[in-house]
Structure formats: structure tokens, C-alpha cells
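The next block holds one structure in the form of C-alpha cells; read it before the comments.
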Amino acid sequence: MGKRIRQAKLYILATALLLLIEQPVLWDLYRPAATANAPLPTGPFVALTFDDGPKAETTSRLLDGLSQRGVRCTFFVLGVQLEGNEDLLRRMANEGHQIGLHTAHHKALAGLGPADFSAEVDELRFALTALLGPEDYMLRPPYGMISRAVEDRAAAPIVLWSVDPEDWSDHDAARIAAHIIDNAKDGDIILLHDIYDASVDAALEAVDALMAKGYTFVTVEELFALRGVEPENGKVYRKLPPA
Ligand SMILES: [Zn+2]
């Protein structure tokens, strides 16, 4: 078989497979695989999420490691961390990572009045929109603290987590990585913080181990699309297991 015919057949096969899957976001997800003629990922899928950044040294190192592995994840950023880190945020967006809201000053949102809530969430949304353009920025409330008022005022899907290695508690990269590797299941959302060196080391170690087991890392947005779930504003999501 000629090389061109072989390539044409592969192209048709890849196109047919993609057409079977009706989520447009998957075109993005599979773009790198299509160019490498690699098999399409079928799951299990997990979403790594990082809170409290960005922080220049640790977040840059994480982005380097994720880029080397072709892995995308989700960053819930703080407003107070934006200044001076604008290029880092643009890099995140350019490299296909999802960016979400973690409030302006890491305040517990439950109990805030409407004006204070708006200063924490809406102002960060405005700042990110000015920097990166309009997106559906999802919300992760600090400490995972939610209330009826938080849900009512969020104007965004609320993303919590299903795997929490408590990376802030001991900065022990080996323990944190083992917790992720031992507990991650299809559809899980994993909580980490990109402001600690140990968390960056643990994340990359867990990525290597879980990819070797066949896991694919996706953004939270991609996880919704893969499950055929339309994210709803004010609704709380902790994981997106297979139906
Ligand atoms: Zn936080």
C-alpha cells in the first residue's frame, strides 16, 4: 500500500471515530493524538486542579512538566496573584489549560453579603476577562465552603473535588503522589496547590504513574464534555464519573 493511501485511510478512520463522538470540545482534546497517529484515549479520565496560584517559580515548573507530558489541567487562581504573573496566565491559556476563579483574596464566600461576594468573585472574573478574554470561568470557593447564597450568586458552575491529598499539610511529595495514585478513579477531580514545590513534584509523579496505567488527564471542562454533562451555574460538582 502506498504511503499516501495509507495516510488517507488513517485520516478517514480518525475522522469517522471523531464523528462518532458528538462533543465539539473533543476536537481540541484529540488534536495532538491525531498528528502523532496515536490511539485515541478512551479513559479512564481524571482532572488535576490547582488552587491558590499562580506563583512564578512553582507554577512555571509545573507548566514545563505538564507541557513535556502533553497534559492539560485546571487552575483556580487568586486575584491577588495576578499582578506580575500576567505572562504566566497567558501561557496557561495558550497551552490549553483551563483557568477558573478562586476569589480575589481567598475569602470564605459563605456568609459574605452581596457586595463583598461580588468584590471577591465578579471582580476576579472581570480581571481575567480583561487579561484572557471572555470565558465561562468556573468557580472553586476557598476551603470548599458553600451555602445556598454562594450557589445563588455564583453565576458559574461550582467545582469542588473528590480526591484531596491535603498537600498543604506536610509537603511530602512521595506521600502526596501515592495518595493520588492510590485513590484516583475514572471521573475524579483532584485537588492540589501549585504554590508548593512538593505539590509540583507529586503532581508530575502521579501523572507519570497514572498515564502508565492508561489514565488520560483532561481539564474539568473536557471532563464535563466527555461525560455529556452541561455544566450549570450554581450547581456543585465534585466528580464526573462515567454514567
Ligand atoms: Zn485555596
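Along the sequence shown, the residues carry numbers beginning at 1. One-based numbering, in listed order, for ligands and for the atoms of each.
The number of protein N/O/S atoms found under 2.8 Å from the Zn ion (ligand 1) is 3.
Here salt bridge (charged side-chain N to carboxylate O under 4.0 Å, His left out) pairs that include residues 137-150, with residues two or more places apart or in two chains, are D51-R140, R148-D152. Residue pairs meeting the salt bridge (charged side-chain N to carboxylate O under 4.0 Å, His left out) criterion with at least one member in residues 161-174, sequence neighbours excluded, are D170-R175.
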Evaluation steps, side chain to side chain donor-acceptor pair (under 3.5 Å), between D188 and S162: CA-CA 6 Å; D188 271 331; S162 50; 2.6 Å; yes
Check against side chain to side chain contact (heavy atoms under 4.5 Å, CB included), L192 and L48: CA-CA 7 Å; L192 285 168; L48 273 180; 3.9 Å; yes
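The hydrophobic cluster containing F126, built from Ile/Leu/Val/Met/Phe/Trp/Tyr side-chain heavy atoms closer than 4.5 Å, comprises no other residue.
Counting non-hydrogen atoms of other residues, nucleotides and ligands closer than 6.0 Å to CG of D122 gives a total above 12.
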